A.B. asks: 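If you scroll down you'll find the structure; I have some questions about it.
Everything numeric in this text was worked out from a predicted model, so none of it was measured. One-based numbering, in listed order, for ligands and for the atoms of each.
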Amino acid sequence: MKLSSKNLNERLDTLYDAIVVGGGMGGLSAAIYLARYGLKCLVIEKGKGRSLWMQDLRNYVGLDPHTPGRDILNHGTKTSLDWGADHLRGYVEEVTDEGETFAVKVKVGKTNSIYPIFRSKYVIAASGIIDNLPQLEDMQNVYDYAGYTLHVCMICDGYDMWDQKAVLIANTEGQIGAAFVLNWFTPYISVLTHGLCEVSDKTKQKLAEHGYPLYEAPIAKFHGENHKLSGVELTDGTIVEATTGLVGMGSTYFNHYLKGIEGLEWDGQNLVTNDMCKTSHDRIFALGDLKKGLNQVSIAVADGTLAATQIWRNIRRASSPRKWEE
Ligand code: FAD
Ligand code: FAD
Ligand code: FAD
């Protein structure tokens, strides 16, 4: 059932088998499996997540390489609802471990918000990350290219940059190192720091040895049309010619709601899991970009399958068998 501020009261007394935080690629896969195991689950999705901005899913077997993330989100949401999952548009603020259950506090509505609390036996953390983008006064100018010809994921889109003139936008020296991976796909790389970091002489020398120019002035605006980049104008008036780019500025992790849970093992901002996507907490699972591993749709989808199946096993093994009784 689709929940909203109007009808969510009907579910405040429900003890869900699992609450899935994030209805993206991994969360929707988990919901489809949970629902088909006959388990009660609630997917909570804030909107504007990473897979929504994925304009083309390039490398998923069986799907056209121009399939946009939003189509998969719509389809997966509808399918999971059809199988019996609940779905709520809202922002998970906090998860509290009550021993046998979790209390999941949700902000519903960006204005005149209400803060219902839902309960579940298990929590699946499927809230992902979002790539940091260069902040310009006119963000629309960035959004016109980000996700189209200005990429954020080399595994996803390196192929689409093959032998093109590319900018690498990096905000730390570590991120500048991506140039020496990106050169697998193209050697025509200009590195832009957008004025965000100091570059050591050692790195400058390495870039020079490879023939990759370095520009340290902040970006003024992106040039191009129809989402196709043609160049980048810097605040000092320089125009760097490029038909594609890679943003390597790190990510923001949607994991704040778990910070009150004791004993969770982290690797940096990523959750560490076992091979069934269980975290170091027996009743919390983590999927996709939020867990340690490759950030790919195929992985997130498989993770959803694994987590849902392990939760089903746990619940099934603890229930009494159904007998054929008249
Ligand atoms: P997501 O799909 O991002 O889902 C997480 C969801 O959680 C989001 O919808 C978010 O809104 C929600 N959320 C976050 N916090 C909260 C909260 N507190 N409360 C409620 N909801 C919350 N991958 C590929 O395999 N191939 C590609 O070609 C490819 N291209 C890409 C292109 C772009 C431009 C981008 C940005 C990504 C691309 N990716 C690609 C990566 C892919 O999008 C991710 O790896 C994948 O979506 C990860 O799935 P996920 O379920 O972990 O996270
Ligand atoms: P969020 O981080 O989603 O939310 C901020 C706060 O709002 C939360 O802390 C919470 O308190 C509240 N909130 C959020 N959702 C809810 C809810 N459902 N109910 C109640 N409260 C809620 N953004 C664009 O706008 N346009 C683009 O064209 C665009 N293109 C992008 C392309 C790429 C490749 C990438 C990586 C990102 C893109 N973004 C785009 C995303 C942009 O960078 C921001 O991540 C996004 O706009 C943030 O949305 P938000 O302000 O709602 O923040
Ligand atoms: P496969 O897809 O079987 O690929 C292995 C290939 O290797 C085969 O095409 C085979 O011909 C070939 N091969 C084998 N030996 C050799 C050799 N020596 N030389 C050359 N080629 C060889 N899964 C789901 O997730 N959801 C479902 O709803 C679902 N429904 C199913 C319904 C049916 C009727 C069946 C039979 C399976 C279903 N499955 C379903 C399971 C799913 O098909 C498998 O899990 C999946 O195909 C496994 O992928 P794979 O690549 O390991 O093997």
A.B. asks: Going by an N to O cut-off under 4.0 Å, is there a salt bridge joining Glu94 and Lys259?
C.D. replies: no
A.B. asks: Under 3.5 Å between some N or O of ligand 1 and some N or O of Asp157?
C.D. replies: no
A.B. asks: Counting from 1, what ligand 1 atoms have a heavy atom of Gly90 closer than 4.0 Å?
C.D. replies: 19 (N), 20 (C)
A.B. asks: Would you mind running through ligand 1 and noting each atom that sits below 4.0 Å from a heavy atom of Asp56?
C.D. replies: 28 (O), 30 (N)
A.B. asks: Return a yes/no value for Lys110: is any of its N or O atoms, backbone included, closer than 3.5 angstrom to an N or O of ligand 2?
C.D. replies: yes
A.B. asks: Would you say Ser51 and ligand 1 have an N/O pair spaced under 3.5 Å apart?
C.D. replies: yes
A.B. asks: Near Gly47, which atoms of ligand 1 are under 4.0 Å from a heavy atom of that residue?
C.D. replies: 11 (O)
A.B. asks: Can we say Lys204 and Glu216 salt-bridge, meaning some charged N sits less than 4.0 Å from an Asp/Glu carboxylate O?
C.D. replies: yes
A.B. asks: Can a salt bridge be assigned to the pair Asp17 and Lys121 using a cut-off of 4.0 Å between side-chain N and carboxylate O?
C.D. replies: yes
A.B. asks: Counting heavy atoms only, which part of Ile155 comes closer than 4.0 Å to ligand 1: side chain, backbone, both or neither?
C.D. replies: neither
A.B. asks: Roughly how far apart are Asp56 CG and Asp160 CG, rounded to 0.5 Å?
C.D. replies: 7.5 Å
A.B. asks: Only one of His66, Arg70, His227 passes side chain to side chain donor-acceptor pair (under 3.5 Å) with Gln55; say which it is.
C.D. replies: Arg70
A.B. asks: Do any heavy atoms of Ala146 fall under 4.0 Å from ligand 1?
C.D. replies: no
A.B. asks: Mark up the atoms of ligand 1 that fall under 4.0 Å of a heavy atom belonging to Ala300, in ascending order.
C.D. replies: 49 (O)
A.B. asks: Give the contacting part of Tyr91 toward ligand 1: side chain, backbone, both or neither, where contact means a heavy-atom distance below 4.0 Å.
C.D. replies: both
A.B. asks: Which one holds for Lys48 and ligand 2: side chain close, backbone close, both close, or neither close, with close meaning a heavy atom under 4.0 Å?
C.D. replies: side chain
A.B. asks: Is a salt bridge present between Asp97 and Arg283, judged by a nitrogen-to-oxygen distance below 4.0 Å?
C.D. replies: yes
A.B. asks: Taking distance alone, with N or O pairs closer than 3.5 Å, would you say Tyr257 contacts ligand 1?
C.D. replies: no
A.B. asks: If you count the atoms of ligand 1 from 1 in the order shown, which ones are under 4.0 Å from a heavy atom of Gly49?
C.D. replies: 8 (C), 9 (O), 10 (C), 11 (O)
A.B. asks: Consider every N or O of Glu45 and every N or O of ligand 2, then say whether any pair is closer than 3.5 Å.
C.D. replies: no
A.B. asks: Is there a polar contact between ligand 2 and Lys46, counting only N or O atoms under 3.5 Å apart?
C.D. replies: yes
A.B. asks: Are any non-hydrogen side-chain atoms of Thr77 and His87 less than 4.5 angstrom apart?
C.D. replies: yes
A.B. asks: Verify the distance criterion only: is there a donor paired with an acceptor across the side chains of Tyr122 and Asn314 at less than 3.5 Å?
C.D. replies: yes
A.B. asks: Side chains of Tyr212 and Asn183: any donor to acceptor distance under 3.5 Å?
C.D. replies: yes
A.B. asks: Quick check: Val152 and ligand 1, any N/O pair under 3.5 Å apart?
C.D. replies: no
A.B. asks: I'd like to know if Lys105 and Glu93 make a salt bridge, using a cut-off of under 4.0 Å between side-chain N and carboxylate O.
C.D. replies: yes
A.B. asks: To the nearest 0.5 Å, tell me how far Leu246 CG sits from Thr149 OG1.
C.D. replies: 12.0 Å
A.B. asks: For ligand 3, give me the residues whose heavy-atom distance to it is below 4.0 Å, by chain and number please.
C.D. replies: Tyr33
A.B. asks: Based purely on interatomic distance, does Gly147 place a nitrogen or oxygen under 3.5 Å from a nitrogen or oxygen of ligand 1?
C.D. replies: no
A.B. asks: Against heavy atoms of Asn59, which atoms of ligand 1 measure under 4.0 Å?
C.D. replies: 24 (C), 25 (O), 26 (N), 27 (C), 28 (O)
A.B. asks: Do Glu265 and Thr279 meet the criterion of a side-chain donor-acceptor pair at a distance under 3.5 Å?
C.D. replies: no
A.B. asks: Should Lys221 and Asp138 count as an ion pair when the cut-off is N to O under 4.0 Å?
C.D. replies: no
A.B. asks: Test side-chain hydrogen bond (donor to acceptor under 3.5 Å, both in side chains) on Ser127 and Tyr257 and set out the steps.
C.D. replies: CA-CA 10 Å; Ser127 41; Tyr257 59 94; 2.6 Å; yes
A.B. asks: Using the ring centroid of each side chain, check whether Phe102 and His281 are separated by less than 6.0 Å.
C.D. replies: yes
A.B. asks: Does the N or O separation between Gln55 and ligand 1 drop below 3.5 Å for any pair?
C.D. replies: no
